Each structure stands twice: as structure tokens, then as C-alpha cells.
Amino acid sequence: MYSELSGSELIYRPLRLLPGDTSSDIIQCQLSKESLQRPPVFEALSYVWGNVADTLPIAVQGQTCNVTRNLFSALHALRYSNRVRTLWIDAICINQNDLKERNHQVGLMGRIYSTAKHVVVWLGETADKDDGLLNFIKASGEDPYLHWTGFPAKSDPFSLFFFLRNPWWDRVWTAQEAVLARELIFQCGGTTIAGTTMMGMLRSFNRHLSSCCFDMRESWDSQIPSADTLSDVIHMVNQQMQLQSIRDRRSDKSFCQVISHIRHRQATDPRDKVYGLLGMVDDADSISIDYNSPAEVVYEESTRRIIAKTRNIDILVHVVRDPNESRFSGRANSRLSSLPSWAPDWDTSFDTVCNQSHGVIFRLRSLRLFNACGSRHFSVLTTSTEQGSLWVSGITVDVVARISPMTYSTGDKTKAIQNWRVMTGVEEEPDRPYPSGGTILDAFWRTLCFDTSTSADPSQPDLQYERAVSHDRVIHDTFWFISLLSLYGRPKHDRLCGEFQDNLGANVFSQRVARTILDRRFFLTDKGYIGLAPDDVNEGDMICALAGGRLPFILRDASTTSKRLGKSTGIPRTYKLVGDAYLHGIMDGEAVAGVNEENFQTYKLI
């Protein structure tokens with residue numbers, strides 16, 4: 001069936017889908033060889049393979065070829081009755097049994113999808129009950145003024161939820177295919193929807209829900225038993241809007257930023273969590289596709305190469321662990337178990353809506369505001385290619401002296417913050433001097449909001465954060481007063497006056513705090529600093545400013561729990577990376593100011 005793809009590196013196989021009149025006709029296809037330098041007009045199919053054990057036969061080059069049921073349905077729907085349709089479909093156009101060809105062709109997929117005249121998104125067969133939803137998607141996508149208040153009454157109230165839970169919206173490869181497409185066409189059964197219309201629907205949903213269609217929430221709540229369904233839809237819509245911002249080239253195209261928006265997506269092969277991004281990012285050209293390498297090696301080497309390419313360690317912000325995981329004992333909800341502590345586990349299973357990646361995305365968006373390492377860039381410290389280790393340099397700023405209980409174990413956010421205020425002495429001595437200047441209360445409220453301003457609209461997917469200003473202190477005070485009223489069951493009306501009337505600002509501040517403290521612990525240091533660290537943090541862990549790190553990082557001595565400060569001599573000790581942190585008072589390079597790089601300590605992370 002397959003002949004060797006020899007010659008130019010840009011050779012690929014388009015598929016000619018022969019015409020057929022009825023569903024009973026056997027699907028017949030022909031393959032050819034073409035160059036992407038001078039390709040014929042073709043379309044590329046974006047779809048989900050489905051159950052690989054559930055297959056149906058088609059004919060390719062006159063031979064029987066089994067394809068998954070979902071692809072079989074797509075071919076039936078896409079086939080013209082009177083003319084050939086030229087497509088590119090990965091499952092057929094790549095010889096999946098030839099590993100060398102697979103490596104090569106997967107590397108071309110970004111070029112293939114960006115060259116295709118259209119990318120056709122196959123969302124599966126439809127039923128009569130789907131007509132109302134599809135008609136409303138078209139109407140709202142084409143008319144931005146169409147209100148959503150009556151939507152559930154016009155369709156099955158669960159329909160939009162299930163539509164956005166279609167597996168296509170949640171796969172790694174489909175993200176790249178959609179981002180790179182010149183033009184998207186969505187197809188549901190026999191119904192086609194232009195990509196611009198689909199995106200118009202998503203924008204319309206966001207705009208109307210946040211401005212004029214507040215009643216929609218009540219309508220959904222009355223018709224849908226699950227109170228979380230509308231919230232789930234809001235999160236799913238925002239995730240697709242983020243993808244569109246990458247497609248429109250508005251977002252940062254770095255590997256570190258792009259993967260934060262798609263790491264919740266699924267991939268049958270864990271290596272595709274990396275390979276499926278390479279066509280979308282602009283700093284991963286040194287990563288080669290090799291399906292001979294195990295996923296652990298792919299994750300480790302790609303992390304190392306991204307760090308070397310960018311000369312920063314921003315990607316280490318992605319090191320998070322499942323809250324159900326027992327410290328460093330293993331990686332829950334992952335197929336991998338032998339990754340070093342510093343290599344992000346892209347295979348960790350995050351729930352689509354409520355997961356730690358939200359906190360990661362927030363911190364990554366805020367990175368440009370901070371520079372804990374000053375002007376120091378990451379530099380390769382050794383030519384060693386020892387698997388499992390990463391050599392970094394920097395200084396140990398302080399040691400964790402005291403930590404709060406886990407945030408999610410305290411239940412109520414207000415109670416957790418109240419405990420932190422007692423822990424720091426804010427309630428008794430709010431004006432006590434803080435080590436880096438200002439008062440302990442100033443340091444506390446800025447830590448709560450990651451020292452970011454709450455003046456911007458948090459509903460915007462492309463929100464750019466700014467540093468907090470003095471007015472944010474007023475917003476914090478309003479937030480805390482309202483929080484206490486709620487905690488003690490007191491009515492909120494008529495209790496705020498004058499400058500404390502900014503309820504909307506307090507609500508935004510509350511949302512910011514929720515993102516900031518998600519799966520974080522509050523901590524105090526030996527020197528009296530305060531900050532936030534991952535749930536894995538232990539008393540005695542070191543807070544370090546590392547070259548190339550815009551945030552501080554928590555390291556743990558891999559051989560001892562003793563507290564160590566200063567520069568070590570001789571063979572560097574080994575450390576485990578616990579994760580990134582916020583330490584108020586060192587976020588702008590104060591800790592490394594005046595320290596020569598030759599005086600930096602070398603840390604071997606394992």
C-alpha cells in the first residue's frame with residue numbers, strides 16, 4: 001500500500017477520496033506523492049481517532065485498510081458524489097508502522113496544516129436534537145447582538161456543555177491543527193459551520209454573559225440540576241478563546257506559555273504532549289521528534305533544550321504535583337514515574353476546569369513583572385549529558401522557617417487568610433517594619449494578590465497583569481471587610497461607606513487571591529520574610545534566586561534536611577526542585593544586587 005517517501009524532505013502523501021453516491025458504496029481512496037514546495041490544492045482533516053480497536057474497512061490503493069469508526073464516518077460525510085476530494089489524513093497518509101517515516105512526517109505536520117486550503121474539523125455525527133444548538137451557534141456567531149438569555153429554552157440546556165466536551169476540543173494535536181489552519185471549517189454530520197462563525201459564537205457568549213445577559217445564569221440554574229455546568233462552560237469557552245489568541249498571533253508563542261494553555265489536553269501517546277506543540281511555538285526548533293525515545297527522556301531533554309535556547313528557567317514554573325500525591329513519593333494520574341524533580345510532567349492528568357494549571361497560567365502571565373535573578377541569564381555550566389540532572393547557579397536567599405496548613409485542607413479561603421494574618425502578626429502589629437522596607441501589612445496584602453493590580457477586567461482571556469499600586473490596598477481592605485462579614489454571617493448592605501464602596505474591585509481582588517493561593521502554602525522565613533510556596537514545601541527548604549529565574553525557587557537538599565546558607569565548596573550537592581515561589585521583598589532582584597556571578601553557588605538538581 002505504501003511506497004517509500006524518498007527524495008526531498010518535504011515530500012508527503014495526499015489522499016484522493018473518490019466519489020460515491022450512497023452510504024452503501026465502499027469508500028475508495030488513492031495515495032500520491034507530492035512536495036510541500038509545490039503542493040496541489042488540498043484540505044487537511046482535523047479529527048479524533050477514537051477507539052483504535054473499533055474499526056471498519058475502506059479501500060486504499062485497491063487494498064483493504066481498517067480505519068476507526070469515527071474516521072469512517074468522516075470519510076462518508078466528506079465524500080463528494082461527483083468529484084474527487086483531495087485530503088490529508090494522518091492515519092492513512094502516514095505509514096504508522098514505519099517509525100522512521102512517522103518521525104519525519106509528524107515533523108512536517110505543522111507545515112501540512114498551515115499549507116492546506118482548509119482544515120476541516122470533524123465533530124462527529126449529529127442527531128435531530130442537535131439542530132437547535134447548531135442553528136443557534138450559527139445565529140449567535142453571525143449576529144453579535146443576538147442575546148443568550150433564551151438559549152436554554154431554544155435547545156437542550158445541556159447541549160452547549162456536551163458540544164464543548166466533544167473530544168476534539170480536548171486533544172493536543174487538534175490544538176495545533178486549529179491554530180495553524182489558514183481557514184477552519186467545522187463539520188457536524190452534514191452541517192458545516194465556518195471557523196469565524198464558531199469563534200464569533202464563543203466571543204458572543206463571553207460578551208453577553210459578562211454584560212447584558214445576566215439572567216442567563218438564573219435560566220441555566222433553573223433548568224440544569226448541576227450548578228457547576230454554566231461555570232464549566234465559561235471555563236471551556238475561555239480555553240478556546242486562549243487558543244484563538246495564539247492563532248491570531250496575539251499571544252506569546254514561547255513553548256512555556258503555549259503549553260500552559262493546552263497541558264490539560266489529552267494525548268494517547270504522552271510524547272505527543274511535547275511533539276504536538278512544535279508547530280505552534282517559536283523557541284523549540286532544537287527539539288527533534290523521535291518515537292524511539294521513552295516519554296521520560298522526551299520530557300527531560302525538551303526541558304533542557306528550551307532552557308538552553310531561551311537562557312531562562314521559566315519552564316520550571318510548570319513543575320507542579322497532584323495534591324493527592326504523597327510528597328515526592330510518586331506522580332499521581334500520570335503514566336510516568338521516573339522523571340527528575342525539575343522536569344515538568346506534561347502527562348499529569350489535569351481536570352479541564354478545576355486544576356493546578358490555572359495557577360500556573362496566572363504565574364506565567366505575571367512573569368514579565370518580576371526579575372528575582374536580576375539581569376543574570378541561565379548559562380550551561382557543564383557539558384555533562386548525565387540523564388536526570390540539571391545544573392543551575394544562584395544564591396540561597398533564606399530558609400523556610402514556618403509553613404501554614406495546606407490551603408485546600410482549610411476549606412474556607414477566608415479562614416485560611418485569617419490564620420495567615422495571625423501567623424504573621426498582622427492583626428496585632430500591622431505597622432511592624434518588614435525586612436525589605438514598608439510594613440508587614442503592606443507585604444501581606446501584596447503577597448495575597450501576587451503584587452498584581454486588580455484594576456483590569458479578569459474576564460478577558462488576554463488580560464495583561466500589572467504591578468499593584470497604592471489603590472489596590474484600599475481594594476484589599478474592602479475585600480477583607482466583606483470577607484469577614486460573610487465569615488461571621490453579617491449582612492453586607494449599608495456597611496460600606498466612602499472609599500470602601502468598591503464592591504466590584506473587591507470581587508476582582510477575591511478572584512485574584514483565589515488564583516494566587518491555589519495549591520499554595522503561606523510561609524515565614526528565618527529572616528522574617530513572608531511568601532507563598534507549593535504545597536510540597538517543608539520547613540528547612542531553601543529559597544533561592546537562580547540565574548534565569550524571574551521567580552524565586554524552593555530547593556530541598558536531596559541528602560539531608562539540615563538548613564544550609566551561603567556558598568558551598570567542592571563537589572556540588574544534589575537538590576530536588578520543589579517549585580517556584582513568591583517571596584515579598586526579593587522579586588525585583590534585591591537579593592542578588594551587588595553579588596558577582598563568580599560568587600554564585602552551583603546546584604545540581606536531580
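If you read the sequence from its start, that first residue is 1, and numbering goes on from there. Just so we're clear, the structure is a prediction, and the values are computed from it rather than from any experiment.
Inter-residue side-chain proximity for Cys256 and Leu364 is flagged as met; some heavy-atom pair is nearer than 4.5 Å. Counting heavy atoms from C-beta on, the side chains of Cys29 and Leu18 never come closer than 4.5 Å. Met241 has its side chain within reach of Val237: a pair of non-hydrogen atoms, C-beta onward, lies under 4.5 Å apart. Within the 4.5 Å cutoff, side-chain heavy atoms of Phe509 are placed close to those of Val513. Counting heavy atoms from C-beta on, the side chains of Phe136 and Leu146 come closer than 4.5 Å. When side chains are defined from C-beta on, Val298 does not count as touching Asp290, because their heavy atoms never get closer than 4.5 Å. Ile306 places a side-chain heavy atom less than 4.5 Å from the side chain of Asp283. With a 4.5 Å cut-off on side-chain heavy atoms, His147 and Cys212 count as touching.
In this structure, Lys273 contributes its side chain and Trp346 its backbone to a donor-acceptor pair below 3.5 Å. Using a distance-only test at 3.5 Å, with no hydrogens or angles considered, a donor-acceptor pair links the side chain of His208 to the main chain of Pro144. At least one donor-acceptor pair closer than 3.5 Å links the side chain of Thr303 to the backbone N or O of Tyr299. Within the 3.5 Å criterion, the main-chain N or O of Leu180 finds no donor-acceptor partner in the side chain of Arg247. Judged by distance alone, the side chain of Trp169 and the main-chain N or O of Phe163 form a donor-acceptor pair under 3.5 Å. Side chain of Asp25 to main chain of Asp21: a donor-acceptor pair is present (N/O by atom type, distance under 3.5 Å, no hydrogens or angles). Checked by atom type and distance alone, the side chain of His118 never pairs as donor or acceptor with a backbone atom of Ala44 at under 3.5 Å. Remark: the backbone N or O of Gly279 is paired with a side-chain donor or acceptor of Gln176 at under 3.5 angstrom.
The cationic group of Arg515 does not satisfy the cation-pi geometry with Phe450, failing either the under 6.0 Å distance to the six-membered ring centre or the 45° limit from the ring axis.
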Show every donor-acceptor pair shorter than 3.5 Å between a side-chain atom in residues 181-197 and any protein atom, with sequence neighbours excluded, or say none if there are none.
from   : atom 1 : to     : atom 2 : distance (Å)
Arg182 : NE     : Ser114 : O      : 3.3
Gln187 : NE2    : Gly189 : O      : 3.1

Identify every side-chain donor-acceptor pair in residues 119-126 under 3.5 Å, counting partners at least two apart or on other chains, and give the distances.
from   : atom 1 : to    : atom 2 : distance (Å)
Trp122 : NE1    : Asn70 : O      : 3.4
Trp122 : NE1    : Asn70 : OD1    : 3.1

Under 3.5 Å, side-chain donor or acceptor atoms of residues 55-65 against the rest of the protein: list the pairs with distances, not counting sequence neighbours.
from  : atom 1 : to    : atom 2 : distance (Å)
Gln61 : OE1    : Leu31 : N      : 2.8

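Contact between Ile27 and Arg79 at its shortest, heavy atoms only, is CA-NH1, 3.9 Å. Looking at every heavy atom in both residues, Val320 comes nearest to Val317 through CG1-O, 4.3 Å. Across every non-hydrogen atom of Val48 and Pro167, the tightest pair is CG2-C, 3.7 Å. The heavy-atom pair separating Tyr2 from Asn95 by the smallest distance is CD1-CG, 3.7 Å. When all heavy atoms are compared, the tightest approach of Ala284 to Leu278 is CB-CD2, 3.8 Å. Of all the heavy atoms in Ser46 and Thr174, the pair that sits closest is OG-CG2, 3.8 Å.
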Test log, rule side-chain hydrogen bond (donor to acceptor under 3.5 Å, both in side chains), inputs Ser510 and Asn507
CA-CA 5 Å; Ser510 178; Asn507 184 52; 5.3 Å; no
Under the side-chain hydrogen bond (donor to acceptor under 3.5 Å, both in side chains) criterion, do Asn238 and Gln242 qualify, and how do the steps go?
CA-CA 6 Å; Asn238 283 332; Gln242 288 288 353; over 6 Å; no
Run Gln239 and His264 through side-chain contact (heavy atoms from CB on, under 4.5 Å) and show every step you take.
CA-CA 10 Å; Gln239 285 173 344; His264 67 277; 3.5 Å; yes
Salt bridge (Lys or Arg N to Asp or Glu O under 4.0 Å) between Glu101 and Arg13: does it pass, once the steps are laid out?
CA-CA 11 Å; Glu101 177 180 311; Arg13 288 191 195 94; 2.6 Å; yes
Please evaluate residues Leu15 and Gln30 with respect to the criterion side-chain contact (heavy atoms from CB on, under 4.5 Å), reporting the C-alpha separation (whole Å), side-chain torsions for both, the decisive distance (0.1 Å), and the verdict.
CA-CA 6 Å; Leu15 173 147; Gln30 295 175 348; over 6 Å; no
Using the rule given for side-chain hydrogen bond (donor to acceptor under 3.5 Å, both in side chains), can you reason through Thr268 versus Arg171, listing the C-alpha separation, both sets of side-chain angles and the distance that settles it, and then say yes or no?
CA-CA 9 Å; Thr268 303; Arg171 304 296 292 182; 3.0 Å; yes
Test Trp148 against Ser140 for side-chain hydrogen bond (donor to acceptor under 3.5 Å, both in side chains), laying out the working first.
CA-CA 8 Å; Trp148 281 75; Ser140 61; 4.7 Å; no
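With respect to the salt-bridge test (charged N to carboxylate O, under 4.0 angstrom), the residues Asp269 and Arg271 qualify. Classification of Glu4 and Lys100 as a salt-bridged pair fails, no side-chain N sitting under 4.0 Å from a carboxylate O.
For the atom pair CZ (Arg102) and CG (Asn97), the distance works out to 9.5 Å, reported to the nearest 0.5 Å. For the atom pair Arg165 CZ and Asp232 CG, the distance stands at 6.5 Å (nearest 0.5 Å). To the nearest 0.5 angstrom, Cys93 atom SG is 12.5 Å from Leu108 atom CG. Atom-to-atom distance recorded for Leu277:CG and Ser302:OG is 10.0 Å, nearest 0.5 angstrom. Atoms CE and CD1, from Met198 and Ile137 in turn, are 5.0 Å apart once rounded to the nearest 0.5 Å. The NE2 atom of His318 lies 12.5 Å from the OG1 atom of Thr348; values are rounded to the nearest 0.5 Å.
Remark: Asp314 pairs with Arg550 by the salt bridge (charged side-chain N to carboxylate O under 4.0 Å, His left out) rule, at least two apart or across chains. The salt bridge (charged side-chain N to carboxylate O under 4.0 Å, His left out) check on Asp54 picks up Arg69, with sequence neighbours excluded. Residues satisfying the ring pair (Phe, Tyr, Trp, His ring centres under 6.0 Å) criterion with Tyr113, sequence neighbours excluded, are Trp88.
Between the side chains of Ser3 and Lys33, at least one donor-acceptor pair of N or O atoms lies under 3.5 Å. Using a 3.5 Å distance cut-off with no hydrogens or angles, the side chains of Tyr275 and Asn103 do not pair a donor with an acceptor. Donor-acceptor pairing under 3.5 Å is lacking for the side chains of Arg365 and Ser260.
The six-membered or imidazole ring of Tyr47 lies away from that of Trp168, with a centre-to-centre distance of 6.0 Å or more. Aromatic pair Phe42/Tyr12: ring centres closer than 6.0 Å. Between Phe362 and Tyr465, the ring centre distance stays below 6.0 Å.
Across Thr86, Leu87, Ile89, a single residue satisfies side chain to side chain contact (heavy atoms under 4.5 Å, CB included) together with Pro14, and that is Thr86.
Around atom CD of Gln96, more than 12 heavy atoms belonging to other residues, nucleotides or ligands sit under 6.0 Å away.
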